[in-house]
Engineer: 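Let me begin by handing over the structure; questions about it come next.
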Amino acid sequence: MNRDITEAKRAEVELQIAAAAFQAHLGIMVADARGNILKVNETFKRITGYSDAEVVGNNPRMFSSGHHNAAFYRRLWKRVMATGSWEGEIWNQRKNGELFPEWLTISAVYDADGVLTNYVATMSDISERKAAEEEIHQLAFYDPLTSFANRRLFMDRMETALIELNRHQRCGALLVIDIDRFNHINDTLGHLAGDQLLQRVAQRLGKMLRDTDTLARLGSDEFAVLVEGVDVSPRQTRRLAEHIAQKLLVALDEPIKFAKEQVMVTACVGITIISDSQRSAEDYLQQVDMALLQAKANGRRVIRFFDPSMQATLLIQVKLEADLRQALRRHQWRLYYQPQVNRFGHFTGVEALLRWQHPERGMVSPGEFIPLLESSGLINEVGEWVIEDACRQLARWAATPFLRELTISVNISPLQFRDSDFLSRLQQIFIRTKAPLERLKLEVTETLFVEARDDARDKMLSLKAQGVRFSLDDFGTGYSSLAYLAQLPLDQLKVDQSFVHQVLESSANAAIVESTIALAKSLNLDVIAEGVETEQQKAWLLAHGCNTFQGYLFGRPMPVDAIEKALMVQPS
Ligand code: C2E
Ligand code: CA
Ligand code: CA
């Protein structure tokens with residue numbers, strides 16, 4: 001065909017080509033209408049490594065790397081035919097066999113009559129730019145410590161997987177693996193070894209997975225696995241996911257060895273099954289987090305599946321916490337009082353027990369909200385209200401004949417006690433209420449003395465100097481050292497109700513109560529038994545030297561007017 005064009009036209013085309021070829025940083029190749037190479041420039045030869053003799057007369061197919069399939073080339077040429085040009089990234093092969101990416105532009109050249117005469121291809125070697133991109137990609141999408149995917153890439157894979165799963169009506173599974181007590185390991189080993197440990201864990205997990213599974217490190221010691229397109233049945237998928245989780249845990253069973261020591265690592269796994277296209281990647285991640293939380297709450301090396309009731313529980317908790325924040329402002333806190341009696345059944349004091357008057361749920365017991373108050377930090381504020389209310393009550397009773405001798409015991413959470421403002425808050429309350437402090441008893445638990453013992457002791461001593469007394473609540477359930485207990489300014493031991501309930505049935509419990517009473521005597525402390533429900537229990541306690549009681553046998557916790565009424569009518 002090109003034989004048909006005139007000399008003049010050929011010269012014109014040559015000129016065009018020559019002009020373009022001046023752009024020396026671009027490789028240029030000119031081919032005839034059949035695609036045979038007529039001419040290449042210096043840059044082209046430098047990039048590909050071929051000489052003129054080796055390329056002229058050949059088809060550009062000689063540079064093909066095998067990286068792209070036939071469909072790719074078909075599309076490319078179709079586009080050149082339709083629009084006159086194509087540009088894009090393409091992988092070719094140099095003479096030395098090396099594959100490299102280039103940015104390629106192919107243009108068709110037509111003569112004045114519209115007849116195709118030549119193809120001109122310009123190309124630039126973008127392998128360096130690609131390498132830089134790779135590095136950026138690596139940083140942006142991979143965890144530098146383990147080289148597995150990071151959270152961003154993982155979320156990306158999740159999104160893609162959701163579309164695929166949806167299209168093919170298949171299920172997948174999402175697993176999150178979290179190392180048990182990693183912070184502890186990290187602190188004892190040091191952070192360098194902690195990092196190594198994470199790498200080893202990642203390697204072991206990685207070995208257990210198939211190529212199609214995605215392993216990622218989501219956060220410090222949290223790994224995630226996405227298992228795609230497993231099965232159409234959620235139940236089968238569930239079985240498989242559990243099997244994978246087990247395998248992962250077994251992979252960690254072998255201790256991890258360091259130069260000097262070896263460490264046992266266990267982990268918990270949360271799992272959720274992906275089957276519903278309506279949900280987003282974020283939703284599934286939230287589900288699996290809930291499952292993991294449940295697993296963690298059940299100890300070490302535990303596997304838990306997400307189930308919708310977890311979500312319901314969480315929502316209830318969230319709502320409860322929101323309501324708790326409002327409770328003080330809405331005046332929903334109440335103090336109930338439970339009588340404490342001596343051997344004759346006379347009231348000697350009361351324990352103040354917090355109740356929440358909830359608009360929809362009625363009177364809520366502390367078991368449901370104290371942990372939430374503690375985890376949300378609200379305990380200080382609410383605890384302050386309790387102490388103030390109890391102190392006002394003491395001040396009022398001090399002016400009333402039948403009631404002026406009564407003590408009030410107030411429960412203090414360790415978190416409250418540890419707060420640096422605790423003493424000054426109390427001081428303010430004492431000033432405001434003018435309560436007789438020798439009738440105020442603070443109930444503390446042994447957990448208070450597990451950490452920062454000296455701080456706790458100092459605070460107790462300072463309060464003690466003002467007349468405040470201390471009772472050690474739930475005694476026997478903790479594990480503080482007796483030697484240390486002896487140094488605390490305590491006034492009373494309170495035998496935990498779990499022992500009292502069993503005192504007649506279990507000789508072990510009876511032995512604990514007996515030795516608690518003996519311990520109290522030897523430390524010169526009062527002793528009170530809580531949870532006394534029957535005359536038999538009372539009789540046993542009396543016979544073993546315990547003379548003060550609290551429990552349903554003598555009265556349940558009740559509002560203040562009820563307690564006052566009960567006191568007025570009691571036999572003297
Ligand atoms: P606790 O200090 O051990 O309080 C005794 C609990 O046992 C109370 O439950 C009381 O109602 C119950 N009880 C009393 N006598 C009997 C009995 O004969 N049999 C049985 N089965 N139970 C009996 P409540 O009021 O639900 O309080 C539970 C826990 O909540 C308390 O345990 C205490 O640890 C905490 N708490 C209550 N009020 C406060 C408060 O104002 N501040 C703080 N920080 N904690 C509080
Ligand atoms: Ca108590
Ligand atoms: Ca108790």
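We count ligands from 1, going down the list as the structure has it; atoms in each ligand are counted the same way.
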Engineer: Strictly under 3.0 Å, how many protein N, O or S atoms lie near the Ca ion (ligand 3)? Waters don't count.
Structural biologist: 4
Engineer: Ligand 1 versus V410, non-hydrogen atoms closer than 4.0 Å: side chain, backbone, both, neither?
Structural biologist: neither
Engineer: Mark up the atoms of ligand 1 that fall under 4.0 Å of a heavy atom belonging to E533, in ascending order.
Structural biologist: 17 (C), 18 (O), 19 (N), 20 (C), 21 (N)
Engineer: Identify, by atom number and element, the atoms of ligand 1 in contact range of E351, meaning under 4.0 Å from any of its heavy atoms.
Structural biologist: 2 (O), 4 (O)
Engineer: Does the protein put any heavy atom within less than 4.0 Å of atom 32 (O) of ligand 1?
Structural biologist: no
Engineer: Are F499 and T516 side-chain neighbours, meaning at least one heavy-atom pair lies under 4.5 Å?
Structural biologist: no
Engineer: With a cutoff of 4.0 Å, is G531 in contact with ligand 1, counting heavy atoms of the residue only?
Structural biologist: yes
Engineer: So, the side chain of S413 versus the backbone of L415: is there a donor-acceptor pair under 3.5 Å, distance only?
Structural biologist: yes
Engineer: Who's the nearest protein heavy-atom neighbour of atom 45 (N) of ligand 1, and how far?
Structural biologist: I370 CD1, 3.5 Å
Engineer: Please identify which atoms of ligand 1 are closer than 4.0 Å to at least one heavy atom of V386.
Structural biologist: 41 (O)
Engineer: Without hydrogens or angle criteria, can the side chains of Q550 and Q340 be said to hold a donor-acceptor pair below 3.5 Å?
Structural biologist: yes
Engineer: Please check if a non-hydrogen protein atom sits closer than 4.0 Å to atom 13 (N) of ligand 1.
Structural biologist: yes
Engineer: Does G383 have a heavy atom less than 4.0 Å from any atom of ligand 1?
Structural biologist: no
Engineer: Need the ligand 1 atom indices (1-based, order shown) with element for anything under 4.0 Å from a heavy-atom of D474.
Structural biologist: 3 (O)
Engineer: Any nitrogen or oxygen of Q550, side chain or backbone, less than 3.5 Å from one on ligand 1?
Structural biologist: no
